[in-house]
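Below, chains carry the letters A, B, ... as their sequence lines are ordered, and counting in each starts from 1.
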Amino acid sequence: MSEKILLIDGHSILNRAYYGLPELTNSEGLHTNAIYGFLNILFKTIEEEKPDYLTVAFDLHAPTFRHQMYEAYKGTRKPMPQELREQVPVMKDVLAAMGVCMISKEGYEADDLLGTLAKKSEEKGMEVTVLSGDRDLLQLASSHICIRIPKTRFGKTTVEDYFADDVKEKYQLSPEQIIELKALMGDASDNIPGLPGVGEKTATKILLEYGNVENAYAHVEDIKPNKAKNAFLEHYDLAVLSKKLAAINIDSPVEYDWESARIKDYYTQDAYDFFKELEFKNFLSRFEDTSAPAEVEKSFSTVTELDQAEEIFGKARQKPELGLHILKENGVFLGMGLSFLDEEKVLSYCFLPQGFLTEAYLLEQAQVLCQEAAMVSSLDVKSMLRHMDLENHTKMFDAGIAAYLMNPLKSAYTYDDIAKEYLGEMLPAKEDLLGKLNYTKGMKDQEEQAALSVCYMAYVALKSRKPLKKALEGTEMLHLFTNIEMPLLFTLSEMEKEGIRVNAQALKEYGDQLYVRILELEKEIYQEAGEEFNINSPKQLGVILFEKLKLPGGKKTKTGYSTAADVLEKLAPDHKLVADILEYRQLAKLKSTYADGLAVYIGEDERIHSTFNQTITATGRISSTEPNLQNIPIRMELGRLIRKVFIPRDGYVFTDADYSQIELRVLAHMSGDEKLIQAYQEAQDIHRMTASQVFHVPFDEVTDLQRRNAKAVNFGIVYGISSFGLSQDLSITRKEAAQYIENYFETYPKIKGFLDGLVTEAKEKGYVTTMFGRRRPVPELKSSNFMQRSFGERVAMNSPIQGTAADIIKIAMIRVGKALKEQNLKSRLLLQVHDELLVETAEDETAQVSAILEKEMKNAASLAVSLEIDMHTGSNWYEAK
DNA sequence: ATCCTCACG
DNA sequence: ACGTACGTGAGGATG
């Protein structure tokens, strides 16, 4: 069998990969998507073709012989974007580390080198594959030279193969005629001029008839489309030049030794280090044998036998420090990871619920371990607490929360990420081990891999504790972690376990009522529109409103017309159809998200147990999911009625307390603006006071409009003021909005200084902080994009305010929970909605609960202004607000 | 999977 | 000139 050589057009493939793949960077901010894509295509091709030789050709910056021929050739390719340019030298280094042969030559393009090598290799009797994104190369195709053109679209790569016959089939022309084709039609991307008015169609026709440019010119009078004939007469010299430009030089003076291109083992240590640095985890698995041995010995094993398990648990109970993870998916227990240090060796086990190793037994053992160990670390302590009753122990360490505090912008805190960042170890991620399988399926089909993943979780939890603690110390967040986040975790766990009672019957009736009206509206809308369509489809609705009925409003979103409420509201007064659609939307939302949506979460205990997530938001707030109980309607009366289905257990009432303008008070404190502080000390109605001071009118003469405007400005300040945003909100001009803002800053002079200071600080340090030291990085401030940068500025202004308010209510929650227990009350904290706490209060404890809420919420932080709350009791959530 | 819309603070 | 208010989660449509 003849030998095979693979030749690659380096820049062309990098280009393809760059534009075909989404942006990708490693932790250092180096762009890596082109390199990643290149390697992907390289590995894939090598695996498919199994070549004996490999060479990558790169262009140099030096001018080529084409420049001497044609002045305009200079401007050729459009300039490379910086994000791609920076990847080129790294790509070459990676290839060098892999021992891949590379060539380039002054005065010649990669095409010419590839053409020369392809032809020479063919002469030596080899099978040749040329990999390039450039169709120019098709002229090289023969029965032994295959041109492969990868196409990357939406992350998927398909490859088109061209031997000589394939070129003929696709273009009706021989490979050599591709040069003629280019000469006639030109190539914009290569800056090759063509004949005006001659495209691919005409060019192909001419070539089928006359074979080549010269012969066509000889018969120029017969050339069919008059336009082409004239173009030929006028610009024949141009076509001849273009032909020379398009022709690949297959006789470049390259010195090339095939032996140096022979494929060796490219899984070298150097390459491994590179892949690690670039964070190409998928590729690292190719380096099984050459991977660096870890410093500490590790062992990962799966346990399914009772006697084995008992021995391990016995050993673990002697250990001071454990890593633990309980794996549950969709409410099903799938396994338990346990890790500890044993004679300089880290042992990690995954216990699977099989035979005598029942779920109950394993969880019981886990609880015992948690009670007896001096320190237990886990990636998610709260999920563990679901299965066990633990007092608020200070010996628990939540590595997920620690990693979140270090960088709250990540979308997840997985063991492989934490290992990479805090242990410097590259562990295969869940996706590497199981692909797209979830753990439930993974445990069935790939038990070993899934179990290994569980081992890693316990292992990373154990090992990352100290580095994470160090990192928290170094960023002055250890106090925040130890005294706020960790205790809060226990409070949140209790809230989740407690749940909130919901009247399923009432909820059903509410939904049924909505449905009656929805059907009515649907009928009317179809009539008014003159046809039936899906009202829930913004696309279809846009066509009906703005094309069929030609209502004003035009385009707005990328994909078509905006049908958002603020757009429709402008049309509603004049068009009943639009008003009906708005009402329909409102009802449909209430029914799908709330009436129907909540019903499925009601448990056997009549209660809904939401999950409160502590590691989601960028600012430090908590979030609520499955279901979200932090966005239950209240602003519109019809929606607000839903709150009547949230009821306390028998013999209890609800006590609801919410902070009054906590964010504005935080702003007053943090800025130290005396005028705003004073305003809070004097007035109950801060918005009226603001209006009075900003618009220079006596307090009692402030009009409703003035108050409304002042309120909007107050909001705007907290959001990171911009005149545009304010103008949108108030439907005024930007100029007017800017005037309001200016007046505001004149009235409260220190606010501007404070907000500007936050932006400056963020630019200098790269992050902003809350009163309690919580950090939020603001990488957007470094962006070259104006929009992104402006966003960064608003974030820098808003996050310390929103985040400090979040810190304060977290402190209040911990203290309220603690006080309820210490006073031996039956009442329990159920929900937190950012500035509001809801307590299920035993009827005979209402006074104590009110006192606790009042005291703990008001005293959670000591500010220059007082923290005030509004408090209500009621027999359901509607009544308690 | 991603967009649009809309519910809350 | 750019094209937005800050922070979330969920449902439905659509590719």
A.B. asks: What nucleotide among B:dC8, C:dT4, C:dG11 has an atom nearest to a side-chain atom of A:S722?
C.D. replies: C:dT4
A.B. asks: Name the closest nucleotide to the A:R794 side chain, picking from C:dG7, B:dT5, C:dC6.
C.D. replies: C:dC6
A.B. asks: If the C1' atom of C:dC2 is compared with that of B:dT5, how far apart are they to the nearest Å?
C.D. replies: 25 Å
A.B. asks: Base, sugar-phosphate, or nothing: which does A:S562 touch, judged by heavy atoms less than 4.0 Å apart?
C.D. replies: sugar-phosphate
A.B. asks: When the distance from CG of A:L587 to C1' of B:dT5 is rounded to whole Å, what number comes out?
C.D. replies: 15 Å
A.B. asks: Would you tell me if any nitrogen or oxygen in the side chain of A:S623 comes within less than 4.0 Å of OP1 or OP2 on C:dG9?
C.D. replies: yes
A.B. asks: Give the intermediate values and the outcome of side chain to side chain donor-acceptor pair (under 3.5 Å) for residues A:T611 and A:E626.
C.D. replies: CA-CA 6 Å; A:T611 300; A:E626 293 184 309; 4.9 Å; no
A.B. asks: Does A:L590 reach a base, just sugar-phosphate, or nothing at all? Heavy atoms under 4.0 Å.
C.D. replies: nothing
A.B. asks: Across the strands shown, which category fits A:R789 at heavy-atom distances under 4.0 angstrom: base, sugar-phosphate, nothing?
C.D. replies: nothing
A.B. asks: Is the shortest side-chain heavy-atom distance between A:V502 and A:L598 below 4.5 Å?
C.D. replies: no
A.B. asks: Charged N to carboxylate O below 4.0 Å: is that the case for A:E663 and A:R621?
C.D. replies: yes
A.B. asks: Side-chain N or O of A:R635 versus OP1/OP2 of B:dG9: is the shortest distance under 4.0 Å?
C.D. replies: yes
A.B. asks: Measure the spacing between CD of A:Q630 and OG1 of A:T625 and express it to the nearest 0.5 Å.
C.D. replies: 9.5 Å
A.B. asks: Tell me whether the OP1 or OP2 atom of C:dG7 has a side-chain N or O from A:R776 closer than 4.0 Å.
C.D. replies: yes
A.B. asks: Categorize A:D729 for me: base, sugar-phosphate, or nothing, with a 4.0 angstrom heavy-atom threshold over every strand shown.
C.D. replies: base
A.B. asks: Taking CD from A:Q788 and P from C:dA5, how many angstroms apart are they, rounded to a whole number?
C.D. replies: 14 Å
A.B. asks: Give a yes/no answer on whether the side chain of A:K539 brings an N or O atom under 4.0 Å of OP1 or OP2 in C:dG12.
C.D. replies: no
A.B. asks: Within the structure shown, what part of the strands sits under 4.0 Å from A:N628 by heavy-atom distance: base, sugar-phosphate, or nothing?
C.D. replies: sugar-phosphate
A.B. asks: Just compare C:dG9, C:dC6, B:dT5 and give me whichever is closest to any side-chain atom of A:V795.
C.D. replies: C:dC6
A.B. asks: What's touching nucleotides 1-3 of chain C from the protein side, N or O pairs under 3.5 Å?
C.D. replies:
none

A.B. asks: Counting only Watson-Crick or G-U wobble pairs whose two distances fall under 3.5 Å, which nucleotide matches B:dG9?
C.D. replies: C:dC6
A.B. asks: Which is true for A:A805 with a 4.0 Å heavy-atom rule: it touches a base, it touches only sugar-phosphate, or it touches nothing?
C.D. replies: nothing
A.B. asks: Check every strand shown and say whether A:G716 touches a base, only sugar-phosphate, or nothing at a heavy-atom separation below 4.0 Å.
C.D. replies: base
A.B. asks: Counting any heavy atom closer than 4.0 Å, what does A:I801 reach on the DNA or RNA strands: base, sugar-phosphate only, or nothing?
C.D. replies: nothing
A.B. asks: Tell me what A:Q802 touches on the nucleic acid: a base, only sugar-phosphate, or nothing, going by heavy atoms under 4.0 Å.
C.D. replies: base
A.B. asks: Could you work out which one of C:dG9, B:dC6, B:dG9 sits closest to the side chain of A:A565?
C.D. replies: B:dC6
A.B. asks: Determine the contact category for A:E626: base if any of its heavy atoms lies under 4.0 Å from a base atom, sugar-phosphate if only primed atoms, P, OP1 or OP2 are that close, otherwise nothing.
C.D. replies: sugar-phosphate
A.B. asks: Taking atom CD of A:E528 and atom NZ of A:K576, what is their separation to the nearest 0.5 Å?
C.D. replies: 4.0 Å
A.B. asks: State whether A:N534 places a side-chain N or O below 4.0 Å from either non-bridging phosphate oxygen (OP1 or OP2) of C:dA13.
C.D. replies: yes
A.B. asks: Which whole-number value in Å describes the distance from A:N613 CG to C:dG7 P?
C.D. replies: 17 Å
A.B. asks: Rounded to whole angstroms, how far apart are CD1 on A:I535 and C1' on B:dT5?
C.D. replies: 15 Å
A.B. asks: At under 4.0 Å, does any side-chain N or O of A:T563 touch on OP1 or OP2 of B:dT5?
C.D. replies: yes
A.B. asks: May I ask you to say what A:V833 touches in the nucleic acid, namely base, sugar-phosphate or nothing, with a heavy-atom cut-off under 4.0 Å?
C.D. replies: sugar-phosphate
A.B. asks: Using only atom types and a distance under 3.5 Å, with no angle test, would you say the side chain of A:S493 pairs donor to acceptor with the backbone of A:L489?
C.D. replies: no
A.B. asks: Between A:T733 and A:E736, is there a side-chain donor-acceptor contact under 3.5 Å, judged purely by atom types and distance?
C.D. replies: yes
A.B. asks: For atom P, what is the distance between B:dC6 and C:dA5, given to the nearest Å?
C.D. replies: 14 Å
A.B. asks: Using the P atom in both, what is the distance from B:dC3 to C:dT4, to the nearest Å?
C.D. replies: 14 Å
A.B. asks: Evaluate the criterion salt bridge (charged side-chain N to carboxylate O under 4.0 Å, His left out) for residue pair A:D512 and A:K508; output intermediate values, then yes/no.
C.D. replies: CA-CA 6 Å; A:D512 289 345; A:K508 171 85 167 60; 3.0 Å; yes
A.B. asks: Could you tell me the separation between the CD atom of A:Q630 and the P atom of B:dC6, rounded to a whole number of Å?
C.D. replies: 21 Å
A.B. asks: Using a cut-off of 4.0 Å on non-hydrogen atoms, how would the nucleic acid contact of A:Q540 be classed: base, sugar-phosphate, or nothing?
C.D. replies: sugar-phosphate
A.B. asks: Return the value, rounded to whole Å, for the distance between atom CD of A:E663 and atom P of B:dC8.
C.D. replies: 17 Å
A.B. asks: May I ask you to say what A:A712 touches in the nucleic acid, namely base, sugar-phosphate or nothing, with a heavy-atom cut-off under 4.0 Å?
C.D. replies: base
A.B. asks: Looking only at the side chains, is there a donor atom on one of A:Y584 and A:E524 sitting less than 3.5 Å from an acceptor on the other?
C.D. replies: no
A.B. asks: Whether the side chain of A:R585 and the base of B:dT5 hold a donor-acceptor pair under 3.5 Å is what I'd like checked.
C.D. replies: no
A.B. asks: Any base atoms under 4.0 Å from A:T617, or only sugar-phosphate, or nothing? Heavy atoms, all strands.
C.D. replies: sugar-phosphate
A.B. asks: I need the OH-P distance between A:Y719 and C:dA5, as an integer number of Å.
C.D. replies: 11 Å
A.B. asks: Tell me which of A:R621 and A:P627 sits closer to the 5' end of DNA chain C, going by the nucleotide each one is nearest to.
C.D. replies: A:R621
A.B. asks: Would you kindly give the NZ-to-P distance between A:K589 and B:dT5, to the nearest whole Å?
C.D. replies: 12 Å
